[in-house]
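Below is one structure, written out as structure tokens, with a few remarks after it.
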Amino acid sequence: MPYHDGVMFSYRHAYHAGNHADVLKHATLIAVLQHLTAKPVPLTVVDTHAGAGLYRLDSEAAHASGEMLEGILRLRQQLAAAGTPPCDLLAQYLQVLNHFQVAAGASAYPGSPFISKHLLRSDDKLKLFELHPTDARLLEQHVEQLRAQRQVAVLREDGFEHSKKFLPPPSRRGLVLMDPSYELKTDYARVVETLKDHLKRFATGTYMVWFPLIARAESQDLPRRLKSLAQQAGKDWLLASLRVKSGKATEGSSIPGQSTARVGLVASGVFLINPPYTLKPALKAALEQLVACLGQDAQSGFTLEGT
């Protein structure tokens, strides 16, 4: 596993693109951006762990994990089988995905950088941080194809440490997205410390954190720490999580195309500080439908709480 300045580079989001965690994260991101871009004042979006920006669901990496079978592919299959229209937020999410499939091919799946760029206006700014050598190179290539270098900046820097230089943005309107790999358990503490620093610099900004819900003490404790941070700062907050299965290996598989059970990630969450007031009702409808479509057993479900 290669290292750079103490950072381990084994995680590649290409293996996880389109999974159920991406569905939750990207639907939430779309709802937030649509609200923030409704006002005419320019917006700055800072993505601290951008990845490659654009992925292919027919790639070797995607097929090696098969995670999209439990995410976007299952969502589409279940909606089609039930003949049920998606709720407003999921319809917007699918519309964004359809745009990229038309523009970049049927197997294209956009990461958060490309979703953000798609929804931003010409006077908005996008700052993308990525340290992984391969993903940073791919991100630069993908952004170059957009011909949007004046609007989009790709920085091969530590997003935790260097994102602060863009805060507060000139317009005093901004969104910071943090979704590290959490391969290093220190990432959990760095999320909290970075948020604490950023709130001092830019108290009115909107902050969105994605995290996996796994059997690790740091993961289980992160929502509590984030709530405590928001409450101490006197800020509104919102916590949403989605669980699609129990996490216990079983014989066979409920996912078409998989001959054996694959446990993998069973749940994830998003936490927002200064969330749009429109987000909670939109997420409630989306989460109810996601459990119905993506849930695989009686342990599936969602949580939604906040001020």
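Only heavy atoms go into these numbers, but all of them, side chains included; no hydrogens, no water, no symmetry mates.
The hydrophobic clustering, which links ILVMFWY residues whose side-chain heavy atoms are closer than 4.5 Å, places Leu138 and Val143 apart. By the rule that hydrophobic residues join a cluster once side-chain heavy atoms approach within less than 4.5 Å of another member, Tyr55 and Ile115 end up as members of separate clusters. Leu167 and Phe160 end up in the same hydrophobic cluster when Ile, Leu, Val, Met, Phe, Trp and Tyr side chains are linked at under 4.5 Å.
Around the CD atom of Gln220, the shell of radius 6.0 Å holds more than 12 heavy atoms that belong to other residues, nucleotides or ligands. Few gaps surround CG on Asp123; more than 12 heavy atoms of other groups in view lie less than 6.0 Å from it. Within a 6.0 Å sphere centred on NZ of Lys235, other residues, nucleotides and ligands contribute more than 12 heavy atoms. Other residues, nucleotides and ligands place no more than 12 heavy atoms under 6.0 Å from the NZ atom of Lys185. More than 12 heavy-atom neighbours from other residues, nucleotides or ligands sit within 6.0 angstrom of CD on Glu288. In the displayed structure, Arg121 atom CZ is contacted under 6.0 Å by more than 12 heavy atoms of other residues, nucleotides or ligands.
Counting all heavy atoms, side chain and backbone alike, Leu24 lies closest to Ala240 at CD2-O, 4.3 Å. Contact detail for Leu57 and Ala62: the closest heavy-atom pair is O-CB, 3.6 Å. Smallest separation of non-hydrogen atoms from Ser116 and Leu126: CB-CD1, 4.0 Å.
Note on ring orientation: taking the six-membered ring where Trp is involved, the planes of Phe114 and Phe100 are tilted (angle from 30° to 60°).
Between Lys125 and Phe166, every side-chain heavy-atom pair lies at or beyond the 4.5 Å cut-off. At a threshold of 4.5 Å between non-hydrogen side-chain atoms, the residues Lys164 and Phe202 do not count as touching. Between Leu177 and Thr48, every side-chain heavy-atom pair lies at or beyond the 4.5 Å cut-off. Looking at Leu222 and Tyr182, their side chains come closer than 4.5 Å, going by heavy atoms from C-beta outward. Residues Arg173 and Thr44 have side chains not in contact (no heavy-atom distance under 4.5 Å, counting atoms from C-beta outward). Taking 4.5 Å as the limit, every side-chain heavy atom of Pro110 sits out of range of all side-chain heavy atoms of His118. Residues Arg74 and Met68 have side chains not in contact (no heavy-atom distance under 4.5 Å, counting atoms from C-beta outward). Looking at Leu79 and Cys293, their side chains come closer than 4.5 Å, going by heavy atoms from C-beta outward.
Leu272 contributes atom CG, which lies 8.0 Å from atom CG of Leu283 (distance to the nearest 0.5 angstrom). Here the NE2 atom belonging to His99 is positioned 9.5 Å from the CG atom belonging to Leu119, to the nearest 0.5 angstrom. Interatomic distance, Leu290 CG to Arg243 CZ, rounded to the nearest 0.5 Å: 15.0 Å. We find the CG-OG1 distance between Leu89 and Thr278 to be 9.5 Å, quoted to the nearest 0.5 Å. We find the CG-NZ distance between Asp297 and Lys245 to be 8.5 Å, quoted to the nearest 0.5 Å. Atom CH2 of Trp237 and atom CG of Leu229 lie 12.0 Å apart (nearest 0.5 Å).
For Gln296 and Ser300, the side-chain atoms include no donor-acceptor pair closer than 3.5 Å. At a cut-off of 3.5 Å, with distance as the only test, a side-chain donor of Tyr109 or His26 sits close to an acceptor on the other residue. Side-chain contact of Ser112 with Asp47: a donor-acceptor pair under 3.5 Å is present, judged by distance alone. In the model, Ser163 has a side-chain atom that pairs as donor or acceptor with a side-chain atom of His198 under 3.5 Å.
Each of Val45, Val41, Leu43, Leu36 was scored for a side-chain contact (heavy atoms from CB on, under 4.5 Å) with Asp124, with one residue passing: Leu43. Screening Asp22, Leu294, Leu94 against Ile72 for a side-chain contact (heavy atoms from CB on, under 4.5 Å) leaves a single residue, Leu94.
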Original post:
Step by step, would you call Glu67 with His16 a side chain to side chain donor-acceptor pair (under 3.5 Å)?
Top reply: CA-CA 6 Å; Glu67 290 187 19; His16 314 288; 2.9 Å; yes
**OP:** Under the salt bridge (charged side-chain N to carboxylate O under 4.0 Å, His left out) rule, what do Lys200 and Asp197 come out as? Steps first, then yes or no, please.
**Re:** CA-CA 5 Å; Lys200 291 178 181 178; Asp197 172 85; over 6 Å; no
**OP:** Would you check, one step at a time, whether the test salt bridge (charged side-chain N to carboxylate O under 4.0 Å, His left out) holds for Lys196 with Glu193?
**Re:** CA-CA 5 Å; Lys196 188 180 300 183; Glu193 291 306 312; 3.7 Å; yes
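Here Glu130 does not pair with Arg137 in a salt bridge; the nearest charged N to carboxylate O distance is not below 4.0 Å. Using a cutoff of 4.0 Å between basic side-chain nitrogens and carboxylate oxygens, Asp158 and Arg190 are scored as salt-bridged.
In this structure a side-chain-to-backbone donor-acceptor pair under 3.5 Å is missing from Ser246 to Gln299. Between the side chain of Asn274 and the backbone N or O of Gly205, at least one donor-acceptor pair lies under 3.5 Å.
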